[in-house]
Amino acid sequence: MITIESLKKSFDNTPVLKSINLQVHKGEVVCLVGASGSGKTTLLRCLNLLEIPDEGTIKIGEKVVSFGEKKITKKDIKEIRQYSGMVFQGFHLFPHMTLLENIIQAPLTAKQQDKEVILEEARVLLEKVGLTEHQDKFPDALSGGQQQRAAIARALMMHPEVMLFDEPTSALDPQLVREVLKVIESLAKEGQTMVIVTHEMNFARRIADKAFFMDDGYIVEEGPAEEILTDPKEERTREFLALLQDE
Ligand SMILES: Nc1ncnc2c1ncn2[C@@H]1O[C@H](COP(=O)(O)OP(=O)(O)O)[C@@H](O)[C@H]1O
Ligand SMILES: [Mg+2]
């Protein structure tokens, strides 16, 4: 589903992704873990070309793009983006739209389906994430957990092959974390391919097939999530997990 080869990205001559290789198969749930600043967000943003990498190759679905040689076109960006849906740390809902309006906005703009079909799907997804009774409220009137569940529904409306989550629960009060993780877990059970950046290690061990540990712009360890997140081989991974336990 996703193959990344030798991906590099610098900001102002400071390398942030130093040579990333990574594969995600269809139906896999992959967790990306690592200390703050190690490059996790940049990697996710490169996957949907919110950042344009400097070198390397990204293959996602049927689309392959190589960076560094020729200019990336709007068409490349559009094609790459249609494969993934992104859920950010800070929800990113439109504040002037109700939940329902937020959720139908992208498919309405894409004009590939009739409004009735879109609305019906929105109803099903709102039910699935437990927000039916809140559909006509504005984001401000909802808890962070509800907003994040709406953001997940909004991303799902575009039927992405891959869902990308960037620390989806790290901005939430502890009691709201669980309701969001439950939604993500239900997607995992349905076979949705996902890449999840998270510090929720118990959750990651439970739902992820594979884990990648990032440090200083490199993936330094990868393997079955249970193994990497319980008994890693690399010293840096051990240190990172020990720090999380202290929190
Ligand atoms: N747009 C940007 N401009 C300059 N530096 C950036 C930008 N985005 C990220 N960085 C830097 O890249 C490094 C990795 O950041 P990030 O990918 O956000 O890491 P993580 O998500 O693992 O915390 C950090 O040092 C950060 O300051
Ligand atoms: Mg980040």
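When a ligand or atom number is given, it counts from 1 through the structure's own listing order. All values below were derived from every heavy atom in this structure, side-chain atoms included, with hydrogens, water molecules and symmetry-related copies excluded.
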J.: Under a 3.5 Å distance rule, please check whether D216 uses its side chain to pair with a backbone N or O of S38 as donor and acceptor.
T.: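 Pair absent, no side-chain N/O of D216 close to backbone of S38.
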J.: Scan residues 32-88 for pairs that pass ring pair (Phe, Tyr, Trp, His ring centres under 6.0 Å), counting only residues two or more places apart or in two chains.
T.: F88-H92
J.: Select all protein residues for which some heavy-atom-to-ligand 1 distance is less than 4.0 Å, and list them by chain and number.
T.: F11, V16, A35, S36, G37, S38, G39, K40, T41, T42
J.: For R238, check side-chain contact (heavy atoms from CB on, under 4.5 Å) against everything at least two apart and list the hits.
T.: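 Scan of R238 (side-chain contact (heavy atoms from CB on, under 4.5 Å), adjacent residues dropped) gives D231, P232, E235.
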J.: Which pairs, with at least one residue in residues 32-56 and sequence neighbours excluded, count as a salt bridge (charged side-chain N to carboxylate O under 4.0 Å, His left out)?
T.: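 Those involving residues 32-56 are K8-E55, R45-E51.
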J.: Check this for me, if you would: do K182 and E185 make a salt bridge, where the nitrogen-to-carboxylate-oxygen distance has to be below 4.0 angstrom?
T.: no
J.: Is atom NZ of K233 surrounded by more than 12 heavy atoms (other residues, nucleotides or ligands) closer than 6.0 Å?
T.: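 It does not: K233 NZ has 12 such atoms or fewer within range.
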J.: Do any of the N, O or S atoms of T41 sit under 2.8 Å from the Mg ion (ligand 2)?
T.: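 For T41, the answer is yes, given that an N, O or S atom comes within less than 2.8 Å of the Mg ion (ligand 2).
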